[in-house]
Structure formats: structure tokens, C-alpha cells
Protein chains: 4
Amino acid sequence: MCAASRTRGESDKGELRRQQVLEAATECFRREGFHGSSIARISQAAGMSPGHIYHYFANKEAIVEAIAEREEHDIAELLRKLEQDREGGGLVDMLTRQTAEIVERNTDPAYAGLMLELAAEAARNPAVRKILQRSEREIGGQFFRLVQRVGAPAALDDAELQMRLQMIALMFNGLTLRMLNDPDFDLDAAARLINGIIRFLLEEAPPR
Amino acid sequence: MCAASRTRGESDKGELRRQQVLEAATECFRREGFHGSSIARISQAAGMSPGHIYHYFANKEAIVEAIAEREEHDIAELLRKLEQDREGGGLVDMLTRQTAEIVERNTDPAYAGLMLELAAEAARNPAVRKILQRSEREIGGQFFRLVQRVGAPAALDDAELQMRLQMIALMFNGLTLRMLNDPDFDLDAAARLINGIIRFLLEEAPPR
Amino acid sequence: MCAASRTRGESDKGELRRQQVLEAATECFRREGFHGSSIARISQAAGMSPGHIYHYFANKEAIVEAIAEREEHDIAELLRKLEQDREGGGLVDMLTRQTAEIVERNTDPAYAGLMLELAAEAARNPAVRKILQRSEREIGGQFFRLVQRVGAPAALDDAELQMRLQMIALMFNGLTLRMLNDPDFDLDAAARLINGIIRFLLEEAPPR
Amino acid sequence: MCAASRTRGESDKGELRRQQVLEAATECFRREGFHGSSIARISQAAGMSPGHIYHYFANKEAIVEAIAEREEHDIAELLRKLEQDREGGGLVDMLTRQTAEIVERNTDPAYAGLMLELAAEAARNPAVRKILQRSEREIGGQFFRLVQRVGAPAALDDAELQMRLQMIALMFNGLTLRMLNDPDFDLDAAARLINGIIRFLLEEAPPR
DNA sequence: CATGAATGAGTTTTCATTCAT
DNA sequence: CATGAATGAAAACTCATTCAT
């Protein structure tokens, strides 16, 4: 028991420190961007020496990758919750009930900053791009299966359904950029229109 | 020969050199990002010495700002063309005819790279953010007036029309992020669905 | 079981661990040089933690010194074998019989790497230089006595004999550098000429 | 004239600065070795900022390479002088006249330190090894042609002659290591024996 | 005896910026 | 208007060494 708790305690501490780094880095990246956040600053924010960062991450890029992975887990968990929190109604009802929350999340400046930072990095850095793409595939698949479980529209074949789900995701992606470029953007009106489009895509629009 | 032409000639040449720098920097930023593009490299691409860059720009950030401003002009010009290339049909026909081209443009990796770079920079650099927002406002207004000239749907008041036009822009913004995260994203299918949504927004969706 | 064997056992194990470090370090130094071999890597190769290295050695330099000392023992043992493996013939015959083997040893890249590393270190580190010089004196003396036992040329006084033996050693030293600088160096031809020179030095060359 | 001298002056100044770096680095490497000499120290010794070193050399290794190349030029020039300073006598006389000087040079601690440093680096660093090998080939060829011009022994074919010349070089190489390991090594006696061996190799030893 | 987390100074290298020419 | 030498303060990363456990 003692040995077990000791081992547990140690690995927990290590994991804790690692998470400290990730949280500090996330915060730094949000505020200053990847290239604006030096390891020195991150280490300071994480409460450890610069050299010790390299105990947990091979290099700065590995921190980026870990953050990207964490982001994936966060969204995956969101999806899992989405399925559990069913309050009745069809697929579209279930989806549109979440819209306001997702709109809020995707237009939160902190989230937007990190997301754009990740995207800009991915546009140039193949390693980060790979991670984001894998992450996106994972989430997309999860979303697709969730929709099938809840009840996909009969008129749409798999490929077409997947495409339309991607269009929904696309709108939420666009939201982040739009909010940045137009601070007066009306989020409630946007949520209403997005819901209209979701309904249109999954119920009204012709299959092809 | 006379003083006027001399001055004109000099400032023209100066402006030309300035544009050289901007073009070189745009290309560098696309390929390597802001932080990956050193003044040395930009000056080399622009065909001048590093020191001379500072004759035209106060510092590196000023180049970024100038590029952000230039981007506005590019899109404004695109809109002007859009109006001229009218081949008949109503508003929706006119818009949907351009979709394929805009999809292509917004998913071009070079354009995407620069755009995301600018967006990420704007997310934390207020000066750049201001420029992008002013630019966006300008373009949004131009688009709005164009639509009104061509013939806006009678059922929509100004605010609602503007909102729906922004939703269209939002989709094109989202496209850039989506393409980055999913290299297999089907652009043709996306264009088709986008056109369906444009029609839905401007013709079918209830005014409120 | 009794106190003595316990003590013995412990120190034996300690000595074993110490030797593990030396062997691991020797291998690392051969491959990467002193400065290219971190304590972390050495400790890994030795199968122990970095911190524990300092249980056996005061610091990194002490490892270098211990290796230099070990090198002496190796060569001394070689000399001892040389005397035992006598197959008849005079001094020159005995020596020239070993030439091919020594040539091979001294041109082995692994050996050469370590030897040059030690020599370069000795050139600026007095502690290492002392060790190498003491070691060399020891080996030189052993070699001298061996030759006297086997039968030194009558025409040469002690000083002259010693000088000529040093010339033989010098040639083997030079071999290491030559091989490094000329990868096509013909080792067989070199061995033949070296044997010619050994015979010349010990039989033909005038005493003064 | 003005332009020419200006250009000349400028390029001269650049070359001068470059040589300053090389001299400073050579001195540092001698005293502290490659890995013991930081760019900061070298730049200090060269009287310029650390960053400016990189105006003249791509990286630290490039300095090593330039030093190795310089060493080659030095020896090549030595060979050229050797041929011009002919005072009569045959090949062996010409060579043996230089022995004392070469012995002195090769046992000079400063020279020895740098040479061993280069050799140790070459043993691990392929780029440096290449340079040393090319340099050695160049010098070897020059030496060979010089000997042929002066008059090579008729009994030796080209391959055998080359081999024997390499043996002479080998002895001088060995001298450097021997001097390091034996501070009491008798240089005059060594020079005498080396000359005996040179005569033996080029006049007495049987061709095969 | 043994671990490995932790440090912090040190390494090479880059780069925006300045300035004499 | 134009150059490019020069700076010096970063940056990312490494590593010998210490020490609590």
C-alpha cells in the first residue's frame, strides 16, 4: 500500500508538473503567441527553471503538440457530454440546443487567440498540422457516429451526411475569424441563423 | 526635368521600392510566417540592403500593418469586379456564380497561410487588429451597397440583410480553417452546399 | 555471511559498478568525444542514474583521468603477453612478429578516436597530461626491460637503445594520425616498412 | 584610383577582420580546445561582438574548417620553400637538412595542441575529417612531385616511393604525440635517427 | 546504495536595429 | 538614396552537478 501510494504519488507529481507547463504555455501562447513566448517566460509562469521544461518536453514544438492534443480531448469530451445531455427532440433539436454555447466558446477571445495561433502554426509547421488534422479527423468521426446513433436523416447517404456535418463545423470555425474582424458582430443573430442553416442542411436541403 | 516631374519621379521610384518590400515581405510571410521571416531575408527578396528597409518602414511591425492594409485593397477590387461581371439573373445567381472562385482563393495554401498569420497577429496585436477590423468594415459596407444596387430581397430589413451577408462571409472564412484541418475536404461539394445556403439565406429563410 | 565477506562483497560490487561506468564512458568518449558525452548519456550506458555516477567519481574530469589510467594497464598487459608468446628467433624477430597486430590496433577507428581524445585533452589539461606521461614512462620502462631480457644489441648503450625503442613507439603513434588523414593508407605496406625500420634501428644503424 | 583603393580597402578590411577571427580562434583552441572555446570568448579575443562572428563564418564548425585550411596552406608554403632553398646534394641531403626545423615545429606545444585538437575533432566530425584528408592529399601530392623533380631513387616505382614518403610524414606525425607523452624525449637524438631512417628508406632499403 | 527531479549558468545562433560611409 | 558592418540582447536548448527522498 505504501509502495503503491508512493509510486502513484510520484507519477502524479510528475504529471502535475507537466500539466503546469501546459497550462502556463497555453496562457502565454494566448497572450503572446508561440514565437512571442520564450521558454524562459513559460518556465517562469509554470514555476520552474527553464532547463526543467525539457524534462517534460523534448522541445518547444512538443509543447505545442501537447496543447493541440489537449484541445482535442476537450472537444471530444464536449461531444460525449452532448450525447448524454439529451432532453428529447430529434437530431436537429439536440444540435441547435448547443449552438449558443458553442458560439460563446468559439468567440471567447482567449479560445480564439489560441485557436488561431495553432492554425497559423499548422499552416507552416507540418508536425503541428499533422496533429491538428488527426485531431480533427478524430472529432469529425466521433461527431458522425454520434449523429448516426441519434438518428441521421434517411435521405442522406453517408458521404453527404458527413459533408453536411463538416459544413456545420465550418460555420463554427468561421465564427472565430468573423468575431475577430468585427467586434460588433451580433452573436445572438448569428446563433439564430446558424440554427436555421443546421435545420436547412439536415432537413430541408435536397440530398444532392 | 522640371522640379515637379523630378519630385514626382523620385517619389514614384520611392513608392515602387516600398511596394517591392511589401511584395517580398508578403511572400516571405506566406512561406515562413512573421517570426520566421527576418529583415535580412525580406531585404534580400526585395533586392535591397537590410538597412534600407528602414528607410521605408519604421520597424518590422510597420510592414505587417502595411500588408494588412494592402489586403483590404485587394478584396475591394475583387468586389468591384464582381459587380462589373454581371451576366444576368438575380442577386443569388450573381453571388453563386462567384462561389467556386472564392472557394479556390480561400483554400489556396499561400493565401490561407498569410490570412491566418494576419489573424493570429491581430488576435494579440491591437494595431494590426484595428487595421483588419477597419478593412473588414470597409469591405462589408461595400458588399452591402453592392447587394442593394443589384437588388436586395424585399423581405429583409437592412440589419437582417447585413447579418445574412456576414454569414456568407463567415462561411468563406470558415473554409480556410476547415481546409487546413482536413486536407481531404471536398471543395466541390462544399461549393454546392455553400450555394444552397446562400440561396436559403437570401430567399427562403424566414426574415426572423 | 561474516563481516569480512560482507565488506568484501560490498566493495567488490562497488568496484564492479565503477568499472561499468568506466566502460560505458570509454565507449561514449570513443563515439562522441569527451564534450559530446553527457553524464546523462554515460549513466544511461552504464545502467545507472546520473546522480549515482557521482558516488564513484568526483566529477566528469575524474572519469577521464580514470580512463587514462586504465589505458596504461591495457598496454602493460599487452607487453606481458608479448614476452610470453615467444616463438623463437632474436629480438627483432619477436618484435616484427607483433607488428601487424599493433598496426591493426592503432588504426582501429575506435581506438584512434579515444587515443586522440586523450592526447588532445592531455595537451591542455595538466592532470590528464601527468597521468599519460606517467603511464608512458611506465610502459617505456617495461618495454626496455623486456628487450634487455630477450637480448639487446651489444653495440648500443642503454641511452641509445632506449631512444631507438622510443622511435619504434613513435612510428606506431604516427600510424594513428596518418590513418586518420589518409583513409587509403596501405597498412600492409606500412607494416612491411615498419619492420624494415625496426630491423634497421636494432641491427644495422650505426650506434651513433 | 579612388574607387579602386576604396574597394580594395573595404575588402581588405573584411578579410582582415576574418583573419582576426581565425587568429583569435586558433589561439583559443590551442589553449582551451574546440569545445572549451565558446564563441563569446573567441569574439572577445577577436575584438568584436559574438553576433558579428557569424558575418564571417556560418557556424563554429566553419571556423574549424577555415583553420584546417589555413594549416594546409602553411605546410604547402613550407614545401615550396623547401624546393627553392636547394643548397646542393641529392634528395636525401635536401630532406635531412630540414629535419631539425620540422622536428622543432612539430614538437612546439602550441602547434601540437592545435594539431591534436584538429585530429581529435576529425576523428568524430566527418566535415573536419574531409578537410584534413583533402589537405593531406594535397600536401602529399605536392611532396611527391617535389621529390620527383629533385630526383627520385631509380629503384623505386611510384607506389613504393609514395609509400616511403608517407612513412617519413608518419614519423613527424608520431613525434607530436611522443613529445606530449614524454617531456624528456631527446629531440636531437630523434632528429639524428629520423635522418638515418630517411636515408635508409630512400637509399638502402630493398625496393620490396 | 540509488534515484531522478531540479537548477541555472552556459552554449550556439539569430535578428531587429543602428550608423558610418 | 543606399550599403552592409556592427551590435547586443535575446532565443532555444544542454548539461554538470546537487539533493531530497
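To find a chain, count down the sequence lines: A is the first, B the second, and so on, and within it residues start at 1.
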Distance in Å, [X] [atom1] paired with [Y] [atom2], rounded so as to fall on 0.5 Å steps:
| X | Y | atom1 | atom2 | value |
| --- | --- | --- | --- | --- |
| Leu114(A) | Glu27(A) | CG | CD | 9.5 Å |
| Phe34(A) | Leu118(A) | CZ | CG | 4.5 Å |
| Arg41(D) | Cys28(D) | CZ | SG | 7.0 Å |

Nucleic acid contacts - residues 57-67 of chain C versus DNA chain F, non-hydrogen atoms under 4.0 Å: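 Within this stretch, Asn59(C), Lys60(C) sit under 4.0 Å of the strand.
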
Heavy-atom check, side chain of [X] versus side chain of [Y], under 4.5 Å:
| X | Y | answer |
| --- | --- | --- |
| Tyr56(B) | Leu22(B) | no |
| Leu132(A) | Glu71(A) | no |
| Glu72(A) | Arg134(A) | yes |
| Met48(B) | Arg17(B) | yes |
| Arg124(C) | Glu121(C) | yes |

- Message: Distance check needed: dC13(F) C1' versus Tyr54(A) OH, whole Å only.
- Response: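 Rounded to the whole Å, the gap is 5 Å.
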
Item checked: Sub-4.0 Å heavy-atom contacts from residues 22-45 of chain C onto DNA chain E, ordered by number ->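 Nucleic-acid contacts, sorted: none.
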
Going 5' to 3' through nucleotides 2-9 of chain F and flagging B where a protein heavy-atom sits under 4.0 Å of the base, S where only the sugar-phosphate is that close, and - otherwise, we get BBBBBBB-

Notebook entry, point to check: How would you list, by chain and number, every residue that makes a side chain to side chain donor-acceptor pair (under 3.5 Å) with Arg129(C), sequence neighbours excluded?
Noted result: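 Scan of Arg129(C) (side chain to side chain donor-acceptor pair (under 3.5 Å), adjacent residues dropped) gives none.
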
Requested in this report: Identify the heavy atoms of Ile39(B) and Pro50(B) that sit nearest to each other, and give their distance.
Outcome: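 That would be CG2-O, 4.1 Å.
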
If we ignore hydrogens and angles and just use 3.5 Å, is the side chain of Lys60(C) paired with the main-chain N or O of His35(C) as donor and acceptor?
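No, Lys60(C) side chain to His35(C) backbone: no donor-acceptor pair under 3.5 Å.
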
Pairs of donor and acceptor atoms involving the side chains of residues 61-69 of chain B, under 3.5 Å and at least two apart or interchain, shall be tabulated with distances.
residue, atom, partner, partner atom, Å
Glu61(B), OE2, Asn125(B), ND2, 2.8

- Pairing stems for DNA chain E [at least three consecutive pairs; Watson-Crick or G-U; under 3.5 angstrom]: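 Stem list for DNA chain E: E:2-21 with F:2-21.
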
